[in-house]
> 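Sharing a structure here in structure tokens format.
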There are 2 protein chains.
Amino acid sequence: MAVTLGQVARHAGVSLATASRALNGSARTVGDGLAARVRASADELGYLPNAPAQALARASTATIGVLLHDIADPYFGALAKGATDTAADAGLLTMVLNTGGDPEVELRCIRMLHAQRVRAIVLAGSGYTDPGATAAIDAALSLYRAEGGAVTAVSDHGDGYDTVLPDNRGGAAALTRALLDLGYRRPAVIAGPERFRVSAERLAGVADALAEVGLTMDQIRVEEAEFSRTGGREAVGRLLDGAAGGRDQDRPDVVLALSDVCAVGVLAELRERGIDVPGGIAVAGFDDIPLAADLAPALTTVRMPLLQMGAEAVGLALGRQDDGPSGPVRTLRLPVEPMLRASTGTP
Amino acid sequence: MAVTLGQVARHAGVSLATASRALNGSARTVGDGLAARVRASADELGYLPNAPAQALARASTATIGVLLHDIADPYFGALAKGATDTAADAGLLTMVLNTGGDPEVELRCIRMLHAQRVRAIVLAGSGYTDPGATAAIDAALSLYRAEGGAVTAVSDHGDGYDTVLPDNRGGAAALTRALLDLGYRRPAVIAGPERFRVSAERLAGVADALAEVGLTMDQIRVEEAEFSRTGGREAVGRLLDGAAGGRDQDRPDVVLALSDVCAVGVLAELRERGIDVPGGIAVAGFDDIPLAADLAPALTTVRMPLLQMGAEAVGLALGRQDDGPSGPVRTLRLPVEPMLRASTGTP
DNA sequence: TTGAAAGCGCTAACAT
DNA sequence: ATGTTAGCGCTTTCAA
């Protein structure tokens, strides 16, 4: 059905080997005349190499895999864009897999990508706190690496992986400090799910900054929320309803949502309740997703270099191909920066 | 290096064929005892099938490809989510390729996906108006289909493709009508790039509605803009600066951006110029991307069922596998709906 | 520089 | 129900 290399070779009157060398590169070189003839035949017949066959013969594919929670989430969208573009520049195709943040799904995805013999797997989602889940994933990745696969992580997935490490903790601390400097004194935090490592990192940053002014985490309200708009809405609802008596005294003066998509939900809920932002309660997020500055009001947040993170993660993976599997583990620390906008006004 | 089926077979004391049948499904059936033994061996050895080898032997992969302009764009993010999740449910992996809206890139991407022997290609970006580019793409896809590949399109890419067809024209007309009903009389339009078909479709819808009240397109200002925030900003800038004398008389009372990401740029530019929305100028978009309702002010737009569109596009492709390549071309028309929000207030 | 031939790991006839 | 074997399309020794 499809045109094969063999047909091209016959058409050009050369051997299979020569056709292969002329069309699909190789250490060996082919005489100019023959090479041209082969290429002409290939064009004429409309030859396209059979990638699976090449993969089998070469024992290597031109594909990578990216694992993330949800491609529709703007945070992961930007990460994926950085990754896919970098991969494409290197001639690689990218498989994008949504894990939904579920370690079991992630494990299955890793096996599928391993089965595909992708060159590299990028762990773009957060690492998990559950030791069992982490161990299972580590084991699967270890098998994958034993066969030459490269693994890189975005944010902490344990040492042992080449990692692009944005300063979650430092960023959270810097943002919290900035809020304190603005005069806010009754912060409440909407933290990410406990099962994700980044949640703890960011929370630790908040604690760092609070400690500097003599506050501890038990003195402030912390609600956990999924990394989603709905999660943010519900969490801030609990925060407000939970404030005993609902008196303004108990009400937080600023809500720090540790992800922008949560903050979006927070803004929506406050709007619905008729609470002015930042007049009534100020709001801050984390990530600086593309539309953060266009929200109502513009969202104070921590800028993460998302495109770069995705790009560097793939870059590390490709570097690993050259260095060999046993080179030193690389960690690329990336600075982050608080962005103060209207949602935290000036109290 | 990697564990092969052969090793598993030997370990279990069965033939290669039996091992294959036991592990990787087949019409034939295998005795319970043997099957269990084979599975046990596979587990013990940590066997993972070699997908490229399977693809070669079966002459078919378990992958699909999705072509879109930019995965970081929320419109495509949602589309991709619908597509990847549906594919995953069917046991398929998805390769996501950013074309940047460039037909040349798209052509190369199609060839790559063809080379990969993906089962289906989803054209998620807009079709092109350039006949040359379209012909080249059609030709490449035609070769692909001749070898059993399925192609489905989101929005018009020509008949001949199974298509998920949101009512771009009808939606634009309905939105325009709604704006006219609100009392706006000096609309200006920020249209998409002429090289995309959807731009013309949406523009035609606007014209339809204007005609109903005796207006023609030459009586209103139309600026072209890339489907991006920056595109929207610049276009509305031209719109305002171009209004001779800049007198309020000449100024549009509503700007209809034919994509939400453009509308975001419009809102940003108006904010910067200190023009109130909707008090000074009202703004509407198109697509209803996830954050449209959370912007400042909430954006009036046309709701497209983005997740569903992505999902159905993959569904059509999978249906095509069964129907055979020669079944009738399917078109799935999807209704869209204007969403009136604060950005168009009530003049 | 070119060609012949042996696989790569797996599936699917075709036996038995 | 199980095994034997011939490929799938390509790359890559190994010879010439």
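Since the model is a prediction, treat every value here as computed from it, not as a measurement. Naming convention: chains lettered A, B, ... in sequence-line order (proteins, then strands); numbering from 1 in each chain. Basis for what follows: all heavy atoms, side chains included, without hydrogens, waters or symmetry-related copies.
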> Determine which pairs satisfy side chain to side chain donor-acceptor pair (under 3.5 Å) with at least one residue from residues 95-113 of chain B, sequence neighbours left out, and list them in order.
A:Thr84-B:Asn98, B:Glu106-B:Tyr128
> Which residues in residues 8-15 of chain A have at least one heavy atom lying under 4.0 Å from any atom of DNA chain D?
none
> Passes side chain to side chain contact (heavy atoms under 4.5 Å, CB included), A:Leu92 versus A:Leu318? Steps please.
CA-CA 10 Å; A:Leu92 302 173; A:Leu318 300 183; 3.5 Å; yes
> Any chance you could measure A:Asn50, atom CG, to A:Leu56, atom CG, to the nearest 0.5 Å?
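It is 10.0 Å, given to the nearest 0.5 Å.
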> Looking at every non-hydrogen atom in both residues, tell me the closest pair between B:Leu307 and B:Ala78 and how far apart they are.
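Closest heavy-atom pair between B:Leu307 and B:Ala78: CD2-O, 3.3 Å.
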> At 10 degrees resolution, what angle do the end axes of the helix from C:dT1-D:dA16 to C:dT16-D:dA1 form when each is taken over five base pairs?
30°
> In B/S/- notation, 5' to 3', how is nucleotides 6-13 of chain D contacted by protein heavy atoms closer than 4.0 Å?
-BBBBBBB
> Listed by chain and number, what are the side chain to side chain contact (heavy atoms under 4.5 Å, CB included) partners of B:Ser15, not counting sequence neighbours?
B:Ala17, B:Thr18
> Chain B on DNA chain C: first and last contacting nucleotide, 5' to 3', under 4.0 Å to a heavy atom?
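First-to-last contact on DNA chain C, by the 4.0 Å heavy-atom rule, is C:dG9 to C:dC14.
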> Excluding sequence neighbours, so at least two apart, what forms side-chain hydrogen bond (donor to acceptor under 3.5 Å, both in side chains) with A:Thr61?
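A:Thr61 satisfies side-chain hydrogen bond (donor to acceptor under 3.5 Å, both in side chains) with A:Thr63 once adjacent residues are dropped.
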> Listing request: all ring pair (Phe, Tyr, Trp, His ring centres under 6.0 Å) pairs with a residue in residues 33-69 of chain A, at least two apart in sequence or in separate chains.
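Listed by first then second residue: A:His69-A:Phe76, A:His69-A:Phe196.
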> According to side chain to side chain contact (heavy atoms under 4.5 Å, CB included), who are the partners of B:Arg39, at least two apart in sequence or on a separate chain?
B:Leu23, B:Ala35, B:Ala36
> For B:Arg195 and B:Asp130, what are the C-alpha separation, side-chain angles and deciding distance, and is it a salt bridge (Lys or Arg N to Asp or Glu O under 4.0 Å)?
CA-CA 6 Å; B:Arg195 65 182 187 284; B:Asp130 177 23; over 6 Å; no
> Among all residues two or more places apart in sequence or in another chain, which pass the side chain to side chain contact (heavy atoms under 4.5 Å, CB included) test with B:Ala59?
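B:Ala59: no side chain to side chain contact (heavy atoms under 4.5 Å, CB included) contacts found.
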> Any pair with a residue in residues 152-162 of chain A that passes side chain to side chain donor-acceptor pair (under 3.5 Å), sequence neighbours left out, goes on the list, sorted by first then second residue, please.
A:Asp138-A:Tyr161, A:Asp156-A:Arg197, A:Asp162-A:Arg320
> Tell me the ring pair (Phe, Tyr, Trp, His ring centres under 6.0 Å) pairs involving residues 80-107 of chain B, sequence neighbours left out?
none
